[in-house]
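What follows is a short report on a single structure.
These values consider heavy atoms only, across backbone and side chains, with no hydrogens, waters or symmetry-generated copies.
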Amino acid sequence: MIDAAGVEARALDETGAYTEPDEASLLGVDHVPVQAETSADSDHRMAEVHELHGERERDDGHAYTNGAAPAAEAQPRNTTGLDTEALRETLALVGDRIDELGSDFYAQLFALAPETREMFGAGMAVQRSRLLGALVHIVGTADDRDDLVPYLEGLGRDHRKFGVIDQHYAPVGSALILALRNMLGIQWTPRHEQAWIQAYDWIATTMSGAAQRDAVIAPPWWDAEVVYHRRVLDDLAVIQVRPHTDYPYRPGQYAYLTTPRRPKIWRAYSMASAPRDDGLLEFHVRTVGAGWVSSALVWRTEPGDVLHVGAPQGHDIASPRSESDLLCITGGTGIAPILATLQELEQRQDGRRVHVFYAGRDRDSLYALPHLESIGVRYRRLTVVPVVSPEGPTDRSPHLMGNIVSAYGDWRRHRVYVAGPSSMVSTSIERLREQGVAEDQIVFDDYGLW
């Protein structure tokens, strides 16, 4: 067990383990696997807007959730033909009124297409945050075809589970431009309007095309029966479900879930198990506060319930194409995709060494440690370093994990995966950069707050 004083690491190879995205988004599904619900953070969104104009250099990873860590380099050449200058200027002019923009967008949408209101649950606050986050991401990558197209295609495929069809794209685009026009008033120019019309045409065409292709080969969601449910902590449950039909996925990926107790509201959770012959999927769900879906999954779900499971998304951490040793840094339920990855590596007797730094608010919160230890008995190239703060659960020092990881070894030749609370993710990535780990070696998932 390691704490701030750096005592005793456990090497298993020698001795033998958010904000949640909201409901249907119509542009606003943020591909972030999260295990706990928190309120939206408008300061983070505004920091992202400033980043688009070079006003603040990002170092916290928040704007790049579920992706490779961004290099601090000059903007690449424009490969899309979109008027990125006008798009970014628009968001800069919106400034700190970005929440107001989200509210007006939905008011315009529901007036233009009243039937779309039925796609959403009762609460809209988190939904507005997801929409705005998607807009910021799209504008931030509007000059990079290689980034923008896969992102939009993923949105298009994912929106199938909400019942989005081609006819919905036109009113969404109209509502977005009307909201921007209302927000900017006399600052709105013909160039702004043309830039957004062109950009939205790109968005809609890319998303709808991906959705149409996906409809040929996959359902919009899978029905899955709950066969196991156990609360391992007061606020955390391990849930196993059996999809009614084959569900192909890779270790490290995540899926959106919805429960009949919270219809029309989807939340993203990482698979905690590698693909199995019996088809079972395992999820680790933590509830925080009054989280709608997570509280229903933790407190009100039982065997026999049928959940909807969206298509798998995210990274294949156990990619057999890589021969590099693997460094995993995680906290809380961020351990879930790492457990799935380790199971896969064990099953195929992979020869890579794996280091897992596993943080908790206290020792009791390291709920997956026995599971990690059992894997380590069989997969002897695994080293697990549990990390807790000597100050206990009240300590939120964001630098603890990053400092321990950077002091432990040289990681420049490793593939790196980081998953967990925002502060832990951002500071760990910062320390790895300082050590000289290349940006393209780092992939991460930001799970929001503890």
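Under the side-chain hydrogen bond (donor to acceptor under 3.5 Å, both in side chains) criterion, S103 pairs with R128, not counting sequence neighbours. Residues meeting the salt bridge (Lys or Arg N to Asp or Glu O under 4.0 Å) test with D234, sequence neighbours left out: none. Scored by the side-chain hydrogen bond (donor to acceptor under 3.5 Å, both in side chains) test, R213 finds E153 as partners (sequence neighbours excluded). Looking at residues two or more places apart in sequence or on another chain, you find a salt bridge (Lys or Arg N to Asp or Glu O under 4.0 Å) between D410 and R412. The side chain to side chain contact (heavy atoms under 4.5 Å, CB included) search around A340 returns P251, not counting sequence neighbours. For the side chain to side chain contact (heavy atoms under 4.5 Å, CB included) test, residues two or more places apart in sequence or in another chain that qualify with S208 are D166, Y169, Q212. Not counting sequence neighbours, R242 has no partner by the side-chain hydrogen bond (donor to acceptor under 3.5 Å, both in side chains) test. The ring pair (Phe, Tyr, Trp, His ring centres under 6.0 Å) test applied to W411 returns H355, F357, H414, not counting sequence neighbours. Checked against salt bridge (Lys or Arg N to Asp or Glu O under 4.0 Å), D147 has no partners two or more places apart in sequence or in another chain. With sequence neighbours excluded, the residues satisfying salt bridge (Lys or Arg N to Asp or Glu O under 4.0 Å) with R250 are D316, E344. The side-chain hydrogen bond (donor to acceptor under 3.5 Å, both in side chains) test applied to D325 returns no partner, not counting sequence neighbours.
Under the 4.5 Å side-chain criterion, counting only non-hydrogen atoms from C-beta, I317 is not in contact with V443. Contact check for Y247 versus M271: side-chain heavy atoms found under the 4.5 Å cut-off. Taking the side chain as every heavy atom from C-beta outward, L342 and V356 approach each other to under 4.5 Å. Considering only heavy atoms from C-beta on, L155 stays 4.5 Å or farther from I203 through its side chain. Contact check for L152 versus I138: side-chain heavy atoms found under the 4.5 Å cut-off. L93 places none of its side-chain heavy atoms less than 4.5 Å from the side chain of M183. For the pair L236 and R286, the minimum side-chain heavy-atom distance is below 4.5 Å. Side-chain atoms of T90 and V139, non-hydrogen and from C-beta on, never get closer than 4.5 Å to each other.
From L369, atom CG reaches atom CZ of R363 across 11.0 Å, with rounding to the nearest 0.5 Å. Distance check, rounded to the nearest 0.5 Å: OG1 of T287 to CG of L297 gives 9.0 Å. Between the CZ atom in R231 and the CG atom in L233 there is a gap of 9.5 Å [rounded to 0.5 Å]. Expressed to the nearest 0.5 Å, how far CZ of F283 lies from OG1 of T333 amounts to 13.0 Å.
Taking every heavy atom of both residues into account, D446 and S422 meet most closely at OD1-OG, 2.7 Å. Here the closest heavy-atom approach between residue S319 and residue R352 is recorded as O-NH2, 3.3 Å. Taking every heavy atom of both residues into account, C328 and I338 meet most closely at CB-CD1, 3.5 Å. Listed here is the closest heavy atom pair of A211 and G156: CB-O, 3.5 Å. Pairing each heavy atom of R431 with each of S406, the nearest pair is CB-CB, 4.0 Å.
For the side chain to side chain contact (heavy atoms under 4.5 Å, CB included) criterion with Y358, the lone passing option out of I335, V387, V385 is I335.
The local environment of CD in E434 is crowded, with over 12 non-hydrogen atoms from other residues, nucleotides or ligands closer than 6.0 Å.
One finds a salt bridge joining D143 and R88 here, because a Lys/Arg side-chain nitrogen approaches an Asp/Glu carboxylate oxygen to under 4.0 Å.
Counting only residues at least two apart or on different chains, the salt bridge (Lys or Arg N to Asp or Glu O under 4.0 Å) pairs with a member in residues 214-230 are R160-D214.
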Applying side-chain contact (heavy atoms from CB on, under 4.5 Å) to L281 and W222, what does each step give before you reach the verdict? CA-CA 12 Å; L281 308 177; W222 283 254; over 6 Å; no
Determine whether K161 and H308 satisfy the following criterion, side-chain contact (heavy atoms from CB on, under 4.5 Å), listing intermediate values before the conclusion. CA-CA 9 Å; K161 70 177 182 286; H308 292 334; over 6 Å; no
